Participant: 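Dropping a structure here in structure tokens format, bear with me for questions.
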Amino acid sequence: MAEKAAEKKQRIQAALAALEAAYPDAKPGLDFTNPFELLVATMLSAQCTDKRVNMVTKELFPVYGTPDKLAAATPEDIIPYIRGCGLFNTKAKNLVAMARMLCSEFG
């Protein structure tokens, strides 16, 4: 029998409450000031430590910290900033594509 929506919601709320009780002071390891920066930092975190991502984004965000600025860049523009994260060619292409999609789909 399939789980009803109300049962699923109750199960999720119980799991979240258990996590909150077990880890009351939990916070993300990535440094960010807005949802866009969190998205970028998360994309950079693949195959990379949070510490390294924070070092990279400290330099990246002042220059490309908004969807508009990142969308106007090329992957080649981004690579010098994110080289320290590894897989930088793919990440640069994906970051620019993501920013362009955000701008075109959501303004």
Side-chain angles (χ1 to χ4, degrees):
M1 180 184 289
E3 182 177 31
K4 294 180 181 177
E7 292 169 344
K8 183 176 181 179
K9 183 176 180 179
Q10 185 178 21
R11 186 173 51 83
I12 291 169
Q13 288 174 336
L16 292 173
L19 286 169
E20 176 65 30
Y23 306 101
D25 298 322
K27 61 178 183 164
L30 297 172
D31 295 335
F32 62 95
T33 61
N34 59 56
F36 177 72
E37 288 182 0
L38 176 59
L39 176 59
V40 170
T42 302
M43 291 175 71
L44 290 172
S45 71
Q47 302 289 316
C48 191
T49 65
D50 288 352
K51 183 178 179 180
R52 173 62 66 178
V53 171
N54 290 337
M55 290 170 39
V56 166
T57 56
K58 184 178 178 181
E59 302 298 322
L60 178 69
F61 290 156
V63 180
Y64 297 107
T66 66
D68 291 335
K69 290 178 182 177
L70 192 56
T74 66
E76 292 75 21
D77 295 332
I78 306 302
I79 288 173
Y81 294 93
I82 67 169
R83 188 176 299 275
C85 284
L87 304 174
F88 53 85
N89 287 318
T90 301
K91 289 179 182 181
K93 290 176 192 172
N94 290 338
L95 286 171
V96 170
M98 174 273 301
R100 289 177 180 168
M101 184 275 305
L102 285 175
C103 289
S104 68
E105 295 290 322
F106 302 103

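The model shown is predicted, which means the values in this text are computed figures rather than measured ones.
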Participant: Decide side-chain contact (heavy atoms from CB on, under 4.5 Å) for Asp31 and Lys58; before the verdict, give the C-alpha distance in whole Å, the side-chain angles of both, and the deciding distance to 0.1 Å.
Facilitator: CA-CA 9 Å; Asp31 295 335; Lys58 184 178 178 181; over 6 Å; no
Participant: Hey, does Leu102 have a side-chain heavy atom less than 4.5 Å from the side chain of Phe36?
Facilitator: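 In short, these two side chains touch, coming nearer than 4.5 Å.
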Participant: Would you say the side-chain atoms of Asn54 pair up with the backbone N or O of Asp50, donor to acceptor, closer than 3.5 Å?
Facilitator: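 Answer holds: yes.
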Participant: Ignoring hydrogens and geometry, is there a side-chain-to-backbone donor-acceptor pair from Glu7 to Lys4 under 3.5 Å?
Facilitator: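 Yes, because the side chain of Glu7 sits within donor-acceptor range (under 3.5 Å) of the backbone of Lys4.
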Participant: Quick check: is Met55 connected to Leu38 through a chain of hydrophobic side chains (ILVMFWY, heavy atoms under 4.5 Å apart)?
Facilitator: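 No, separate clusters.
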Participant: Taking all atoms of both residues into account, what is the closest heavy-atom pair of Val53 and Cys48, and its distance?
Facilitator: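 Where Val53 meets Cys48 most closely, the heavy atoms are CG2-SG, 3.9 Å.
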Participant: Can you find a pair of side-chain heavy atoms, one from Val63 and one from Lys69, that are under 4.5 Å apart?
Facilitator: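 A side-chain contact under 4.5 Å is absent here.
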Participant: Minimum heavy-atom separation for Leu70 and Val96, please, with both atom names.
Facilitator: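 In terms of heavy atoms, the two residues are closest at O-CG2, 4.0 Å.
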Participant: Any side-chain heavy atom of Tyr64 sitting closer than 4.5 Å to one from Val40?
Facilitator: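 The answer is no; the side chains never approach within 4.5 Å.
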Participant: Considering only heavy atoms from C-beta outward, does the side chain of Met43 approach that of Leu95 to under 4.5 Å?
Facilitator: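 In contact.
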Participant: Okay, side chain of Gln10, backbone of Ala6: is any donor-acceptor separation there less than 3.5 Å?
Facilitator: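 Not at all, since once roles are kept as given, no pair shorter than 3.5 Å links the two residues.
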Participant: Give a yes or no on whether the backbone of Leu87 and the side-chain of Thr90 come within a donor-acceptor separation of less than 3.5 Å.
Facilitator: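 No.
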Participant: Between Lys91 (side chain only) and Ser45 (backbone N and O only), is there a donor and an acceptor less than 3.5 Å apart?
Facilitator: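 Not at all, since once roles are kept as given, no pair shorter than 3.5 Å links the two residues.
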Participant: Side-chain contact, heavy-atom cut-off 4.5 Å: Ile12 with Lys8?
Facilitator: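 Side-chain contact under 4.5 Å: yes.
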Participant: Would you say the side chain of Pro75 lies within less than 4.5 Å of the side chain of Asn89, judging by non-hydrogen atoms?
Facilitator: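 No - every pair of side-chain heavy atoms lies 4.5 Å or more apart.
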Participant: Arg52 side chain to Cys85 main-chain N or O, any donor-acceptor pair under 3.5 Å?
Facilitator: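 Checking the backbone N and O of Cys85 against the side chain of Arg52, no donor-acceptor pair under 3.5 Å is found.
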Participant: Measuring only between side-chain heavy atoms, which start at C-beta, is Leu44 closer than 4.5 Å to Leu60?
Facilitator: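 Yes - at least one pair of side-chain heavy atoms lies under 4.5 Å apart.
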